[in-house]
S.K.: 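Could you have a look at this structure, given as structure tokens, before my questions?
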Amino acid sequence: MSETCRTPRPICKIGEIDPGTVKRVDVHGLPPLAVYNVAGRFYVTDDACSHGKASLSEGYVEGAEIECPWHGGRFDIASGRATCLPAAEPVATYAVTVVGDEVCIGA
Ligand code: FES
């Protein structure tokens, strides 16, 4: 692995995402991402729902889960695991670190 791959990559500021909310972030070279603030901890998943490609960042954060706005499928935000049908396949998650006031992935 190159040094670049181990370097945390800033994707947004922590102040952009209030606790209990989610925001879509577009990062060059990656699919659209959903960045979550769950009680002050940050998590990142792919933004596209694994069921029908709805934007999860337009869904509803319910505790530690995100509910898809289209059909009500749910995912565990930390693991990406589908927790409620019709969502059955997981969504990808990313390793997250906070460096200063920035949310970073790929540590
Ligand atoms: S598109 Fe997300 S549950 Fe159907």
Side-chain angles (χ1 to χ4, degrees):
M1 178 183 292
S2 72
E3 187 62 36
T4 301
C5 292
R6 289 197 300 265
T7 303
R9 182 174 183 180
I11 58 171
C12 66
K13 301 283 189 185
I14 60 174
E16 296 175 42
I17 308 163
D18 291 331
T21 67
V22 56
K23 175 182 177 172
R24 175 177 164 150
V25 174
D26 293 301
V27 178
H28 180 72
L30 292 174
L33 302 175
V35 184
Y36 308 84
N37 179 338
V38 178
R41 293 195 65 168
F42 292 88
Y43 300 90
V44 178
T45 71
D46 279 346
D47 186 51
C49 178
S50 63
H51 178 245
K53 304 306 177 195
S55 174
L56 291 176
S57 60
E58 295 176 7
Y60 315 98
V61 175
E62 299 284 349
E65 295 185 339
I66 179 71
E67 181 175 313
C68 178
W70 282 7
H71 310 114
R74 283 183 173 229
F75 301 89
D76 179 88
I77 290 169
S79 70
R81 181 174 56 91
T83 60
C84 183
L85 295 172
E89 298 297 319
V91 290
T93 60
Y94 297 79
V96 176
T97 56
V98 173
V99 180
D101 66 345
E102 294 180 310
V103 179
C104 304
I105 59 171

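This structure is a prediction, so every number in the text was calculated from the model and none was measured. Along the sequence shown, residues carry numbers from 1. Counting starts at 1 for both ligands and their atoms, following the listed order.
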S.K.: Is the distance between atom 2 (Fe) of ligand 1 and the nearest N/O/S atom of C49 smaller than 2.8 Å?
M.R.: yes
S.K.: Which heavy atom of the protein is the closest neighbour of atom 1 (S) of ligand 1, given with residue, atom name and distance?
M.R.: G52 N, 3.2 Å
S.K.: Are I105 and V99 connected, step by step, through hydrophobic side chains (Ile, Leu, Val, Met, Phe, Trp, Tyr) whose heavy atoms are closer than 4.5 Å?
M.R.: no
S.K.: Would you mind telling me which of T45, V27, D46 makes a side chain to side chain contact (heavy atoms under 4.5 Å, CB included) with Y94?
M.R.: D46
S.K.: Which is the closest N/O/S atom of H71 when seen from atom 4 (Fe) of ligand 1?
M.R.: ND1
S.K.: Please determine whether residues I14 and L33 belong to a single hydrophobic cluster, defined as Ile, Leu, Val, Met, Phe, Trp and Tyr linked transitively by side-chain heavy-atom distances below 4.5 Å.
M.R.: yes
S.K.: If I take atom CZ from residue F42 and atom SG from residue C104, how far apart are they, to the nearest 0.5 angstrom?
M.R.: 11.0 Å
S.K.: Going through the checks in order, is the side chain to side chain donor-acceptor pair (under 3.5 Å) test met by D18 and T21?
M.R.: CA-CA 6 Å; D18 291 331; T21 67; 5.4 Å; no
S.K.: Check whether any N, O or S atom of C68, backbone or side chain, sits closer than 2.8 Å to atom 2 (Fe) of ligand 1.
M.R.: yes
S.K.: If you count the atoms of ligand 1 from 1 in the order shown, which ones are under 4.0 Å from a heavy atom of W70?
M.R.: 1 (S)
S.K.: Give the atoms of ligand 1, by number and element, whose distance to some non-hydrogen atom of G73 is under 4.0 Å.
M.R.: 3 (S)
S.K.: Could you tell me which atoms of ligand 1, counted from 1 in the order shown, lie closer than 4.0 angstrom to a heavy atom of A54?
M.R.: 1 (S)
S.K.: What N, O or S atom of H51 is found closest to atom 4 (Fe) of ligand 1?
M.R.: ND1
S.K.: Is there a donor-acceptor pair closer than 3.5 Å between any side-chain N or O of E16 and the backbone N or O of K13?
M.R.: yes
